Protein chains: 2
Amino acid sequence: MVSSRSFVVSKQPSLPYPCKRPLIIKTSTQFLVTARFLVNFQELRHRMKVSFKIDKYPAEIKGYRRFNLLGSQEKDLEYTQCDGLAVEFKHLTLKEQRAGGGGKGSKGVNEGSRSVQEELHIITLMTQFSYDGVELNIEATTLPFVVISNQSQFVRAWASILWFNLLSTDPKDVAFFSKPPAAKWILVADVLSWQFSCCTGRGLNADQLQMLGKKLCGSVPNQDSTVTWSKFAKESMPRVSFTFWEWFDAILTLVKAHLENIWKDGYVMGFVSRSAEDALLRTRQQGTFLLRFSESMRDGGITISWVDHESDGSFVRSVEPFTKKELSNIPLYEIIRNYQLLAEENIPENPLKFLYPNIPKDDAFGKYYEHNSEVNSEYQKYMKRRLIMVSERNNDETQSSIASGTPQYISDTLSNDNDIFSPVHGEYCHDAADLGNFINRK
Amino acid sequence: MVSSRSFVVSKQPSLPYPCKRPLIIKTSTQFLVTARFLVNFQELRHRMKVSFKIDKYPAEIKGYRRFNLLGSQEKDLEYTQCDGLAVEFKHLTLKEQRAGGGGKGSKGVNEGSRSVQEELHIITLMTQFSYDGVELNIEATTLPFVVISNQSQFVRAWASILWFNLLSTDPKDVAFFSKPPAAKWILVADVLSWQFSCCTGRGLNADQLQMLGKKLCGSVPNQDSTVTWSKFAKESMPRVSFTFWEWFDAILTLVKAHLENIWKDGYVMGFVSRSAEDALLRTRQQGTFLLRFSESMRDGGITISWVDHESDGSFVRSVEPFTKKELSNIPLYEIIRNYQLLAEENIPENPLKFLYPNIPKDDAFGKYYEHNSEVNSEYQKYMKRRLIMVSERNNDETQSSIASGTPQYISDTLSNDNDIFSPVHGEYCHDAADLGNFINRK
DNA sequence: ACAGTTTCCCGTAAATGC
DNA sequence: TGCATTTACGGGAAACTG
C-alpha cells in the first residue's frame, strides 16, 4: 500500500517565466520543487523529514558539470487541505562545483562535444516512512532538467526539454542526448503548433506547418518524414547561421511580445515562403498586402508585402522586416495604418489597402488603433507628435526590380487561399494549458 | 622623514563608470583601491604587507549601516617603474552586516531621517614600516564615500559626493551631513558647469547658469546668494516631484547619451525658460527654432520650439519633449531634419528652418545627417524604411492658442542673443579632466 | 498605505579558457 | 583565433519592513 511510488514530485523544478517553461534552471537563481506523499495519513505531518540530493551519476557519464544544490537542507512534510501531505522547497539554488583553477567558460571537453544544454540533471527528494511498525526509505525524483548559466542559453535548453519529453521512453534517462532519436514530422508539427497555442492562444494551420515542414525535412513532408535532433536544434539552416529552433522560437517570442492580438485574430500569415507569397499576391487587387516572417533574421522579423500593379507588370514589394526594436516603438497595426511612400513635392501615399485576401485594413486593425487621445493635461502646452514609418517611393529601380524578378510559379503546395483566416486545424488546436500538462499528456 | 603622511590612497574607491564618478560604491559590486608609499626604498617591496578595514566609527555616530569589506585581506607592497611602491586592491566588495532578522529594505530609523546617500564611509589601509631599526605603524585613509545598493541611488549619491568635496573642511568628517552647510551660488554654478564640461567637453554659459540660478535661489542670484543642501538635492522643486539635482543630472545624462555632438557645437540652448524663449523667438523670421530642456520631466526631455507668423499674430509652438526613449530611435538632428506637419491631402511641411538666431538648419546639422546608405546587401530585397516624427497641422486651435497666450514681455535678464553660440564664459570653462582632479583641486 | 531600501533577475557585454 | 560558457552588472521591478 505504501510503496516507493507513493512519493512523487508534484511541481517540477522551474524558474518563474512568463510562458512557464519548466525544467530549466539557471545557476544562482532561485527555483522551487514540491513533492507529495500520496497516502492519506494526516498524522504523518511534521513526522517525516524530507531531504534532497542532486545527480549521483553512474560512472559511465563523463564530462557533465557537477552542481551543489543550496537551500534549507531538510523540511517537514506538511498537510494542507488542497494538497494533502506535501513538502515545498523554495529558494533552492544551484552552484557549479568547479575543479580547482577552472575559471569561467569552457567546461572540460567531453566526448562528442555535448553542449551544456544537452546535459540532463535530476534532483532526488528522500524521506523515511515509519508507521505502525513499517519502516521504509522512499524517494521521489524530478524529471531531467537542464542547467544554464545565462538567459541566452534558455532557448536551446527548451529545445532539449521538448525533445526529451517528446521522445524519451525512460523518464530517468539522463544520457538521452548521447544518441538522441529522430522524431516523426507529425509529432514535431504537433509541438510547434502547440508552442504557439500555449503562448498565444492560437496554433498553426496546415499551410503554416507545411512551410515549416519543408524547412525541416527538405521537401514537403509526408506521413513517414522524420526530423533529426540535429536538424531541429543543432545545425544551422542553409545560408544562415542559426538553427531552425532558434529562428522559430525568436518568432514565437516576437509574436508573444508584439503581435499577440493580430496573431490571435489570424491576421498574420507569417510562415509563408517568398515564392508562395508572390503567387498569392500577384493576382490580387492593387494594395493587397500580407504579413510574413523573415527567414533570414536570427532574432525574429516580420515584413509587410504588397502588390503594386503598374503599366509594366505587377510587382510584389516588401519593406525591410521589423524586429522587436521597431515594434516596441510602434505596434505593427500602427505601422500599417500610417505607412507612407514619400516622394518629393507629392502627397505621400499609403500602399497598404487590403489585408490578403481582401479585407480593408481598417476592418482588420481598426479596433486596435490608438485614439489620438484627448489633449493630455500634463503636456497640453505641447503639440502631440508621433512616429511613423516611411520609405522613399522613387528609391531607384534596382530595388523593385529584384522583387519583380522573383519566379512567378504558383506553389503547388498551397492550399485554399483563405486558410489563414479559418479556424486552426483541429489536430493542432490545443488549449492554453501550461507546458507541464504537455509533458504529463504523454 | 618617513611619517604617517608617506602612505596615501592614490586611487579612491570607485566603480567603473563611463563618466568616472568616484567615491560611490555599490554593494556586491567590485571596486578598486590603490595606495602608494611615498618613500623611494625599492628594497621594501614584498617586505611590507598591507591590510584594510572599514568604518571604525566613534560612538556618537548612530544609525549608519555596517558593512563587511570582502576581498583578499592582505597584499604586499609592490614596486613599479611608474608608480613606485604601491599596492592595488582589486575585486573588493561590500556586503551589509544586518542585524539578525532584518531582511530587505528599511534600515533602522535614525535621527533626522538621514538617507543612505548621506551616509559617509571610509576605508583605512594599514601597514608596518620597518627599516634600519625604525618601526612604524602607518595608515592611509580614503576620502569618505557613499554606499548604495542599486544603481537608482547613484544620482543622489553623487550629489552628496559633490557637496562634501565642495564644502567640507575636514576630509575625514563622516558626520558632514548631520548639518550640511549651504554653498555660495558662485561655487554651485562652477560645479554645474563643470559637470557638463567634464562629461561633454562643453560647459554652461552665463545665460544658462542664470536660468539655473533662478531655479535654485528663487530669483536672479547675486554675489551673496547661497544654495542650501536641501534646495540642491533634498526637497522637490515647486509643482514637480523631483529635486533640482535629479532634474539637472537627468538632463546631463540625456545630453551625454544622445546630444553630445550638437551640444558641443553650442547648438543646444537648453536651459532657457519658456518665457525667455518666447521673447527670443517672436521677433525672429518664420521658422526660427531653438532647443529647450523640459522643466517638468523628471527623466530629462528636450523640446523644439519654433515661431510661426500668421495673419492673426505670431505664435511660438513646441513639440512634446523627446526623451531618451525617442532619441535612442532617432537622433534629434534627424528629427529636426525630417519633422513634418501633416494635413489631409496636403504636401507635408517641415516648420523648422533656422536654428536661432538665424542659422539654416542644414548648415548646423548637415554634417551629422545619415547618408541613405548604399543598399545593404543583406536586405537588398527589401525597401529601406525609416522612422520620422510628425504632428498634425490642424490639430484644432486650442493647442496653438495656449502658446499665443504666453506673456510677451522680454526678459530683462537676457543678455545678447548670440551668447548661445559664443564660446562659454571663461569662468565656467574647465577642461575635461576627470572628477578626481576636481576633488584634488581644492 | 506608503516610502525608502534592498533584492531579484533579465539581457547585454565582457571575461575566460580550451 | 574562434567558440562555448560563465561572470559582471545596469536597469526595471518586486519584495520587504517599519
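Proteins come first, then strands; the chains are lettered A, B, ... in the order of their sequence lines, and each starts at number 1. All figures in this text were calculated on a predicted structure; none of them were measured in a lab.
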Answer yes or no: side-chain N or O of N150(B) and base N or O of dG10(D) forming a donor-acceptor pair under 3.5 Å.
no
State which of dC9(C), dT12(C), dT5(D) makes the closest approach to the side chain of Q117(A).
dT5(D)
First encountered from the 5' end of DNA chain D, between V147(A) and K26(B)
V147(A)
Write down the distance between CD1 (I25(B)) and P (dG10(D)), rounded to a whole number of angstrom.
11 Å
Rounded to whole Å, how long is the line connecting atom CZ of R298(A) with atom C1' of dG11(C)?
14 Å
Which of these nucleotides, dT5(C), dT6(D), dT5(D), is closest to any side-chain atom of R65(A)?
dT6(D)
When rounded to the nearest 0.5 angstrom, what is the spacing between CD1 in I24(B) and CZ in F31(B)?
13.0 Å
Tell me the interatomic distance from K324(B), atom NZ, to dG10(D), atom C1', rounded to whole angstroms.
11 Å
Could you say whether H91(B) or S28(B) is positioned toward the 5' end of DNA chain C, judged by the nucleotide with the nearest heavy atom to each?
S28(B)
Classify Q30(A) by what it touches in the nucleic acid, base, sugar-phosphate, or nothing, heavy-atom distance under 4.0 Å.
sugar-phosphate
Donor-acceptor pair, side chain of R65(B) and main chain of V147(B), under 3.5 angstrom
yes
Round to a whole Å and report the spacing from CG of L92(A) to P of dC9(C).
12 Å
If the cut-off is 4.0 Å, is Q153(A) near the phosphate of dT6(D), judged by side-chain N/O to OP1 or OP2?
yes
Out of dG12(D), dG11(C), dG10(D), which has the shortest distance to the side chain of Q151(A)?
dG11(C)
Relative to the 5' end of DNA chain C, which residue comes earlier, S152(A) or S149(B), by the nucleotide with the nearest heavy atom?
S149(B)
Whole-Å distance between dA4(D) C1' and I148(A) CD1?
14 Å
Without hydrogens or angle criteria, can the side chains of S230(B) and E235(B) be said to hold a donor-acceptor pair below 3.5 Å?
yes
Whole-Å distance separating the CZ atom of F31(A) from the P atom of dC8(C):
15 Å
Which nucleotide wins on minimum distance to the side chain of T29(B), given the candidates dT6(C), dC9(D), dC10(C)?
dC9(D)
Could you give the NZ-to-C1' distance, from K90(B) to dA8(D), as a whole number of Å?
15 Å
Taking atom NZ of K231(B) as the centre, report whether more than 12 heavy atoms of other residues, nucleotides or ligands fall under 6.0 Å from it.
no
Between S10(B) and T34(B): side-chain donor-acceptor atoms closer than 3.5 Å
yes
Interatomic distance where CD belongs to E96(A) and P belongs to dG17(C) [whole Å]
13 Å
